[in-house]
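Only one structure is covered here, and it is reproduced in the block below.
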Amino acid sequence: MAETTTIHTKPFLILSAFIAAAVASLLILSALWYSFINPVPFSPGATATRGCAAPTTDSQDRTFYDDPELSYSFGSPLKNWDEKRQKWLHHHPSFATAAGVLNRVVVVTGSQPPPCLNPVGDALLLRLFKNKVDYCRIQGHDIFYNNAFLHREMSSLWAKLPPVRAAMVAHPEAEWVLWLDSDTVVTDMEFKLPFEKYGNHNFVICGWENLVYEKRSWLGLNTGVFLIRNCQWSIDFIETWASLGPANPNHEELKEIIRGTLTDNESPSDDQSALVYLMLKQKEKWGEKVYIENGYSFNGYWQAIVDGYEKIEEMYRAVEAAASGLRRRRGEAVSGWYGEMREVYLKGTQDGNGGWRRPFITHFTGCQPCSGHHNPIYGGDSCWNGMERALNFADNQVLRNYGFVHDSLGNSSFVSPLQFDSPG
């Protein structure tokens, strides 16, 4: 009997175990599926585990993104943008309450879609992009690099406006958008934009008021670098600016009108000429909120800068030789704090005009590193040599946080280790 009982019970036990395992598997799969379609909301104060970033989720409340009429491009007016941004921030309080929210910046830059004609063009563009990424990483800025024409009619020099407009919509948490031409080099990695100067302004650009309003010159401004606040005023301003470009069906007539308004016979029909024209014709509407900056190298001209890098490095080393705190090794994440500490020793200094402060931006206007068709007034390889020097000058500021320094500004390949307690 015992043997008979054993023979009949075993299949039953096996079947029961199989059913239990199947039920358990279904429960696990159900739990996983539920967690997939109903993710746990992220708490801003939550602690990440094992050093991984904590997961983030989007608010399920309706925002302007749910409007089917929303456009990231020109031609479709964006209304009530300030209210829409505030509503989005209300639904995303971790962005609204983060430290420094009023100065949150997204940097926008880019290059053309096809490969470069200049043999060293692609290598230069890569290093120019790396330079901007380094600056954004150190300063805590976001960056958007674009190499597609986001508007079919707006290419060449006009191609900068569509990604700036799109970035405003894509980054409602950002208070400012900073445009940097591809041929610009950030040559002061510690530099913090003086937002306190721009509190009553929405658009900052390098230039000279007398050249714009008195001389009516297209060289009165330089659109290779500009800072624009993410607000309704700016949406309207950049839309008006873009309406003077090639997307306008009457662009050919507009070009002649703009040329006739400006005093430069050689003024091109580009975004810069159009902006000067706009400033002249609608100064009462826009001028009060435009800050024309020339107090520092917001957009420094490269030929006046590149030969002075060694002197600048020498002066900064002298400051560090006298201030042991600045010579201290530190993590890159806190390098900005040392930049603020350095300001104590830089008071009264200036960049350019015989000064020895690092220039914020060195702009290689007229060099065209990708096409290679640089302005003929620049002889030989002055553009490419100058870019190498500027990039290495900036890179030294980055590499010092990793314990190295370039052997010379003319040599991009080789570096040497920094000695302990040695000025950078």
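Computed from a predicted structure; not experimentally measured. FYI, the numbering just counts along the sequence from 1.
Within the 4.5 Å cutoff, no side-chain heavy atoms of Lys84 are placed close to those of Thr63. In this structure, the side chains of Ile228 and Trp179 stay at 4.5 Å or more apart for every pair of heavy atoms. Leu128 has its side chain within reach of Val185: a pair of non-hydrogen atoms, C-beta onward, lies under 4.5 Å apart. Arg165 is not listed as a side-chain neighbour of Leu150, based on a closest heavy-atom distance of 4.5 Å or more. Residues Arg389 and Glu310 form a side-chain contact, since some pair of their non-hydrogen atoms from C-beta on lies under 4.5 Å apart. When side chains are defined from C-beta on, Leu193 does not count as touching Val204, because their heavy atoms never get closer than 4.5 Å. Leu221 places a side-chain heavy atom less than 4.5 Å from the side chain of Ile292. Using a 4.5 Å heavy-atom cutoff, the side chains of Arg358 and Ile312 are in contact.
The cationic group of Lys289 does not satisfy the cation-pi geometry with Phe237, failing either the under 6.0 Å distance to the six-membered ring centre or the 45° limit from the ring axis.
Counting only distance, with no hydrogens or angles, the side chain of Tyr213 and the backbone of Lys283 share no donor-acceptor pair below 3.5 Å. Under the 3.5 Å distance criterion, the side-chain polar atoms of Ser273 are left unmatched by any main-chain donor or acceptor of Trp218. Under a 3.5 Å cut-off, the side chain of Asn230 and the backbone N or O of His171 do form a donor-acceptor pair. Proximity of a side-chain donor or acceptor of Arg216 to a complementary backbone N or O of Leu280 within less than 3.5 Å is not detected. Here the side chain of Tyr65 pairs a donor or acceptor atom with the backbone of Val169 at under 3.5 angstrom. Within the 3.5 Å criterion, the main-chain N or O of Gly110 finds no donor-acceptor partner in the side chain of Asn146. The backbone N or O of Phe414 lies less than 3.5 Å from a partner atom in the side chain of Asn411, making a donor-acceptor pair. Formation of a donor-acceptor pair under 3.5 Å by the Arg327 side chain with backbone atoms of Asp421 is found in this model. Under the 3.5 Å distance criterion, the side-chain polar atoms of Arg85 are matched with a main-chain donor or acceptor of Pro172. Of the possible polar contacts, one joining the Gln232 side chain to the Leu78 backbone as a donor-acceptor pair under 3.5 Å is found.
Between Tyr316 and Trp356, the ring planes are perpendicular. Angles over 60° get that label, and only those under 30° would be called parallel.
Side-chain atoms of Asn385 and Ser382 include no donor-acceptor pair closer than 3.5 Å. Between the side chains of Gln303 and Tyr378, no donor N or O sits under 3.5 Å from an acceptor N or O. With 3.5 Å as the limit, one finds no donor-acceptor pair spanning the side chains of Asp82 and Trp233.
Here His363 contributes atom NE2 and Tyr301 contributes atom OH; the two are 10.5 Å apart, rounded to the nearest 0.5 Å. To the nearest 0.5 angstrom, Leu244 atom CG is 11.5 Å from Asp270 atom CG. To the nearest 0.5 Å, the span separating OG1 on Thr240 from CG on Leu275 amounts to 11.5 Å. In this structure, Asp351 CG and Leu346 CG are separated by 11.0 Å, a value rounded to the nearest 0.5 Å. For the atom pair Asn392 CG and Thr187 OG1, the distance stands at 12.5 Å (nearest 0.5 Å). For the atom pair CD1 (Ile361) and OH (Tyr296), the distance works out to 9.0 Å, reported to the nearest 0.5 Å.
Between Tyr145 and Ser111, the closest heavy-atom pair is OH-OG, 2.6 Å. Among all heavy-atom pairs drawn from Tyr309 and Pro359, the shortest one is CE2-CG, 4.4 Å. Scanning both residues, Gly287 and Met279, for their nearest heavy atoms gives CA-CE, 4.2 Å. In plain terms, the two heavy atoms of Ser234 and Met168 that are nearest each other are CB-CE, 3.9 Å. The minimum heavy-atom distance linking Pro423 with Arg317 is given by the pair CB-O, 3.7 Å. In plain terms, the two heavy atoms of Cys231 and Trp81 that are nearest each other are C-CD1, 3.6 Å.
Residue His90 qualifies as open at atom NE2: its count of foreign heavy atoms under 6.0 Å is 12 or below. With a 6.0 Å radius and a threshold of 12 heavy atoms from other residues, nucleotides or ligands, Glu284 has its CD atom at or below the threshold.
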Q: Please assess Gln397 against Asp188 for the test side chain to side chain contact (heavy atoms under 4.5 Å, CB included), listing each intermediate value before the final yes or no.
A: CA-CA 8 Å; Gln397 300 166 43; Asp188 187 353; 4.0 Å; yes
Q: Go through the steps for Lys192 and Glu343 under the test salt bridge (Lys or Arg N to Asp or Glu O under 4.0 Å), then give the verdict.
A: CA-CA 11 Å; Lys192 296 184 182 299; Glu343 284 300 311; over 6 Å; no
Q: Could you give me the CA-CA distance, side-chain angles and deciding distance for Leu326 and Tyr345, then say whether side chain to side chain contact (heavy atoms under 4.5 Å, CB included) is met?
A: CA-CA 10 Å; Leu326 289 172; Tyr345 304 91; 4.0 Å; yes
Q.
side chain to side chain contact (heavy atoms under 4.5 Å, CB included) for Ser412 and Leu391? Distances and angles first, verdict last.
A. CA-CA 8 Å; Ser412 300; Leu391 289 166; over 6 Å; no
Q.
Working note: Gln272 + Asn222, criterion side chain to side chain contact (heavy atoms under 4.5 Å, CB included); need CA distance, chi angles, decisive distance, verdict.
A. CA-CA 7 Å; Gln272 188 165 298; Asn222 189 302; 4.0 Å; yes
Q. So Ser243 and Asn248, side-chain hydrogen bond (donor to acceptor under 3.5 Å, both in side chains) or not? Walk me through it.
A. CA-CA 6 Å; Ser243 71; Asn248 189 316; 5.3 Å; no
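Electrostatic pairing of Glu314 and Lys311 does not count as a salt bridge here, judged by no charged N lying under 4.0 Å from a carboxylate O. Residues Arg259 and Glu256 are paired through a salt bridge, judged by an N-O separation under 4.0 Å between the basic side chain and the carboxylate.
Proximity of the aromatic rings of Trp158 and Phe74 is defined here by a centroid distance below 6.0 angstrom, and this criterion is not met. In this structure, Phe195 has its ring center under 6.0 Å from that of Trp176.
Within the structure, the salt bridge (Lys or Arg N to Asp or Glu O under 4.0 Å) test picks out the following pairs touching residues 125-149 (sequence neighbours left out): Lys130-Asp134, Lys130-Asp395, Asp134-Arg137, Arg137-Glu332.
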